[in-house]
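Step one of this worksheet: look at the structure below.
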Amino acid sequence: MLPESDGDPLARHSLTASEIKALLAAERTGEPFLVFRDQDAGLQLVPTGPTGQTRTLGRRPETDIPISWDSEVSGLHAELQGAGGEWMIVDDGLSTNGTFVNGERVNGRRRLQDGDRIRVGR
């Protein structure tokens, strides 16, 4: 992660021109997606897929969205659940260090909105 961005992959002045181009292309699809920086500080854009699915995230390589480089992320950390055209983040005791949306700890499930910032691990 970039220190000047305080861990936010979309922090002001943290994006390169090619990252901005990729982000704009993803936004134009109108489909929900996640953005994070990988272990090499590369910007990753991950479509959530259609609602009606559950996507797992965690340190284990078997998760749908592996975050293997962050030791503060649990093996199975949280789930993204899509239902009725909306997405929720679910952490009902799966993680050791917690899941946060916009700085608030998630206890159970939380409905996500466009622009929400999810933090797991560092």
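- Sorted by first and then second residue, the side-chain hydrogen bond (donor to acceptor under 3.5 Å, both in side chains) pairs with a member in residues 50-62 read T56-D64; sequence neighbours excluded.
- Here the side chains of E31 and P47 are not in contact, with every heavy-atom distance at 4.5 Å or above.
- Note that the CD1 atom of I65 and the CG atom of L80 stand 5.5 Å from one another [nearest 0.5 Å].
- Within the structure, salt bridge (Lys or Arg N to Asp or Glu O under 4.0 Å) contacts touching residues 18-30 (residues at least two apart or in different chains) are E19-R37.
- Scored by the side chain to side chain contact (heavy atoms under 4.5 Å, CB included) test, Q44 finds F36, D38 as partners (sequence neighbours excluded).
- Criterion: ILVMFWY side-chain heavy atoms under 4.5 Å apart, direct or through other members. Under it, L57 and M88 are not part of a common hydrophobic cluster.
- Residues satisfying the salt bridge (charged side-chain N to carboxylate O under 4.0 Å, His left out) test with E72, not counting sequence neighbours, are R122.
- Contact record, G75 with T63: O-CG2, 3.6 Å, taken as the closest heavy-atom pair.
- Pairs passing the salt bridge (Lys or Arg N to Asp or Glu O under 4.0 Å) check and including a residue from residues 73-83, sequence neighbours excluded, do not occur.
- No donor-acceptor distance shorter than 3.5 angstrom exists from the side chain of S74 to the backbone of H77, with no hydrogens or angles considered.
- Rounding to the nearest 0.5 Å places CG of L34 at 5.5 Å from CD1 of I118.
- Sorted pairs that involve residues 87-103 and meet salt bridge (Lys or Arg N to Asp or Glu O under 4.0 Å), not counting sequence neighbours, are lacking altogether.
- Residues passing the side chain to side chain donor-acceptor pair (under 3.5 Å) test with S18, sequence neighbours excluded: T16.
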In a table with atom names and distances, give each donor-acceptor pair under 3.5 Å that connects a side chain of residues 103-115 to protein atoms at least two apart or in another chain.
residue, atom, partner, partner atom, Å
R109, NH1, Q81, OE1, 2.8
R110, NH1, V101, O, 3.4
R111, NE, E86, OE1, 3.1

Exercise for the section: Using the side chain to side chain contact (heavy atoms under 4.5 Å, CB included) rule, take L23 and F33 through it: C-alpha gap first, then chi angles, then the decisive distance, then the call. Expected result: CA-CA 10 Å; L23 183 62; F33 61 94; 3.7 Å; yes
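- Hydrophobic cluster membership for F100: none, as no Ile, Leu, Val, Met, Phe, Trp or Tyr side chain comes under 4.5 Å of it.
- A pairwise comparison of heavy atoms in W87 and G49 identifies CZ2-O, 3.2 Å as the closest pair.
- Residue L94 shares its hydrophobic cluster (ILVMFWY side chains chained together at separations under 4.5 Å) with L76.
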